S.K.: 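Below is one structure. I have some questions about it.
Just so it is clear, the model here is predicted, and its values are computed rather than measured. Side chains included, hydrogens not; waters and symmetry mates left out as well; all remaining heavy atoms used.
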Amino acid sequence: DTPKAPAVLLTPLQKLQQDLSWGVLAMNTNKSTYAPGEAMLFGFGVLDPQGRTVCDAKLTLTITVPSEGKEYKLSTDDRQIASSGQCRLISVTNLPDYTALFRAKETEETYLLRLEAETAYGKRIVEENVRIASSQPFEIVRTSVPTRIYPGGQYLMRFTVLAKQTFRGEVQEEIPASFTVGSVSNGGRVESLFAEPKQTLVWPVSLQSGQTMTFSYTVTFPPESPEAYLLGPIRLSSQDGKSVYQEFKPWQIAADAYLK
């Protein structure tokens, strides 16, 4: 019999808590908040219990749109979820192994995203939310961040912030303390405290309304697999330390098998 699919509900922890006896399932969108009618870009990654990349998983994404009382389904069976062509056992790439597109409806609301993956080890389900909203003061887009990584490689993490109002303060992202950070763009720095499970990338910025700025850093992941992590959410804080804006949800990363 096919094992029962346990639902893994995401919580804002730096390390994504999953039952690794099945493997790891990761789901991301390039933005956490979309404008009505905007195209939503999804990326998925699947690992088996040994941390090996699964390139033939059966995936089904269910998007619940409350205003319509309707569910939309995208799947590998109907080819609305497609392979990116980068899926292989050992590969260093920022492209997700599987991708999908969905156009947001015109109503401002929050969608439930439910991703089910079926492999030789049974089924796994993860759920999270994405927000549809207009008139946001900032727009954060993750333009180059991996969903599935190989621990032996170095990765460039990049995102953009579009300010729709004048802002002076800091852009910040929390990442696990076990990550080794290399270069940091735009005069950014890394802040950490001894024995803390996290470290924070900090960029002092001054943005004019309508201005877009790109932020990046390089990172090497610890030799642990299978493993799953959360990054962020990216946040903007004023000069006196008050939170001004942040992503609606964090970014998920699945750590591939590490071959010594």
Side-chain angles (χ1 to χ4, degrees), residues 10 12 14 27-43 63 67 94-96 99 101-111 113 128-147 155-176 179 181-192 198-219 229-253:
L10 305 182
Q14 288 300 325
M27 167 172 55
N28 288 308
T29 53
N30 66 325
K31 298 170 63 176
S32 63
T33 301
Y34 291 91
E38 186 175 5
M40 303 166 61
L41 175 62
F42 293 87
I63 304 170
S67 62
N94 277 26
L95 292 177
T99 61
L101 285 170
F102 180 80
R103 188 164 296 279
K105 305 304 178 180
E106 296 300 325
T107 301
E108 295 186 78
E109 57 190 330
T110 299
Y111 296 169
L113 308 176
E128 69 171 19
N129 298 107
V130 66
R131 183 170 57 189
I132 311 303
S134 57
S135 304
Q136 295 292 292
F138 300 92
E139 181 179 313
I140 299 173
V141 183
R142 291 188 181 262
T143 55
S144 181
V145 183
T147 292
Y155 289 79
L156 173 67
M157 323 293 270
R158 186 169 59 233
F159 62 91
T160 63
V161 176
L162 166 61
K164 298 180 181 179
Q165 63 184 40
T166 300
F167 172 77
R168 185 184 297 272
E170 294 180 340
V171 174
Q172 304 166 343
E173 173 159 51
E174 289 185 356
I175 64 174
F179 291 8
V181 178
S183 60
V184 182
S185 72
N186 300 7
R189 65 184 186 276
V190 180
E191 295 183 351
S192 61
K198 63 186 179 182
Q199 54 187 326
T200 305
L201 290 137
V202 180
W203 291 269
V205 297
S206 178
L207 296 171
Q208 300 300 313
S209 180
Q211 181 180 356
T212 299
M213 185 173 290
T214 299
F215 303 86
S216 66
Y217 59 97
T218 57
V219 65
Y229 304 99
L230 293 181
L231 276 61
I234 296 167
R235 65 179 181 269
L236 282 72
S237 299
S238 62
Q239 290 177 301
D240 57 4
K242 294 181 180 178
S243 179
V244 174
Y245 184 81
Q246 73 172 36
E247 287 181 298
F248 186 62
K249 61 186 179 68
W251 184 271
Q252 305 172 32
I253 292 180

S.K.: Side-chain contact test, heavy atoms from C-beta onward, threshold under 4.5 Å: evaluate it for T218 versus V181 and give yes or no.
M.R.: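 Side-chain contact under 4.5 Å: no.
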S.K.: Evaluate the side-chain proximity of I140 to L236: yes if any heavy-atom separation is below 4.5 Å, no if none is.
M.R.: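 They are in contact (side-chain heavy atoms under 4.5 Å apart), so the answer is yes.
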S.K.: Among M40, E106, E38, exactly one meets side-chain contact (heavy atoms from CB on, under 4.5 Å) together with I132. Which residue is that?
M.R.: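 Considering M40, E106, E38, a side-chain contact (heavy atoms from CB on, under 4.5 Å) with I132 is found only for M40.
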S.K.: Does Q199 use its side chain to pair, donor to acceptor, with the backbone of P176 at less than 3.5 Å?
M.R.: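 Side chain of Q199 to backbone of P176, a donor-acceptor pair under 3.5 Å: yes, one is there.
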S.K.: Determine whether S216 and L156 make a side-chain contact, defined as any pair of heavy atoms from C-beta on separated by less than 4.5 Å.
M.R.: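 Yes, close enough: below the 4.5 Å cut-off.
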S.K.: Classify the side-chain pair T110/N129 by whether it contains a donor and acceptor separated by less than 3.5 Å.
M.R.: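 Per modelled atom types, T110 and N129 side chains form no pair under 3.5 Å.
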S.K.: Can you list every pair that meets salt bridge (Lys or Arg N to Asp or Glu O under 4.0 Å) and has a residue in residues 133-147, with sequence neighbours left out?
M.R.: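 Listed by first then second residue: K31-E139, E139-K164, R142-E173, R142-E247.
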S.K.: To the nearest 0.5 Å, what is the distance between OG1 (T29) and CZ (F42)?
M.R.: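 One gets 6.5 Å once the value is rounded to the nearest 0.5 Å.
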S.K.: So, are R235 and E174 salt-bridged, with charged N and O less than 4.0 Å apart?
M.R.: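 Answer for the salt bridge query: yes.
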S.K.: Does the ring centre of F167 sit less than 6.0 Å away from the ring centre of F138?
M.R.: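 Ring centroids of F138 and F167 are less than 6.0 Å from each other.
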S.K.: Would you mind reporting whether Q172 and S237 have side-chain heavy atoms less than 4.5 Å apart?
M.R.: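 Yes - at least one pair of side-chain heavy atoms lies under 4.5 Å apart.
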S.K.: Applying side-chain contact (heavy atoms from CB on, under 4.5 Å) to Y34 and F102, what does each step give before you reach the verdict?
M.R.: CA-CA 11 Å; Y34 291 91; F102 180 80; over 6 Å; no
S.K.: Could you check whether any side-chain N or O of N28 sits under 3.5 Å from a backbone N or O of Q252, counting only pairs where one atom can act as donor and the other as acceptor?
M.R.: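 Answer holds: yes.
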S.K.: What is the ring orientation for F179 with Y229, classed by angle as parallel under 30°, tilted 30 to 60°, or perpendicular over 60°?
M.R.: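 Judged by the thresholds at 30° and 60°, the geometry between F179 and Y229 is perpendicular.
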S.K.: Evaluate the side-chain contact (heavy atoms from CB on, under 4.5 Å) criterion for residues K198 and I175: first the C-alpha distance (whole Å), next the side-chain angles of each, then the deciding distance (0.1 Å), finally the verdict.
M.R.: CA-CA 6 Å; K198 63 186 179 182; I175 64 174; over 6 Å; no
S.K.: Are Y155 and N94 side-chain neighbours, meaning at least one heavy-atom pair lies under 4.5 Å?
M.R.: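 SC-SC contact between Y155 and N94 confirmed.
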S.K.: What residues form a salt bridge (Lys or Arg N to Asp or Glu O under 4.0 Å) with E191, not counting sequence neighbours?
M.R.: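 Partners of E191 by the salt bridge (Lys or Arg N to Asp or Glu O under 4.0 Å) criterion, ordered by chain and then number, come out as R189.
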S.K.: Does any part of the side chain of L162, heavy atoms only, come nearer than 4.5 Å to the side chain of Q136, both counted from C-beta?
M.R.: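 Of all side-chain heavy-atom pairs linking L162 with Q136, none is under 4.5 Å.
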S.K.: If you look only at distance, which donor and acceptor atoms sit under 3.5 Å apart when one is on a side chain in residues 200-207 and the other is two or more places apart or in another chain?
M.R.:
unit_1, atom_1, unit_2, atom_2, d
W203, NE1, S185, O, 2.8
S206, OG, R168, NH2, 3.4

S.K.: Would a 4.5 Å heavy-atom cut-off, applied to side chains only, mark V161 and F215 as touching?
M.R.: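 In contact.
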S.K.: Would you check if I234 and W251 make a side-chain contact, meaning some heavy-atom pair closer than 4.5 Å?
M.R.: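 No, side chains not in contact.
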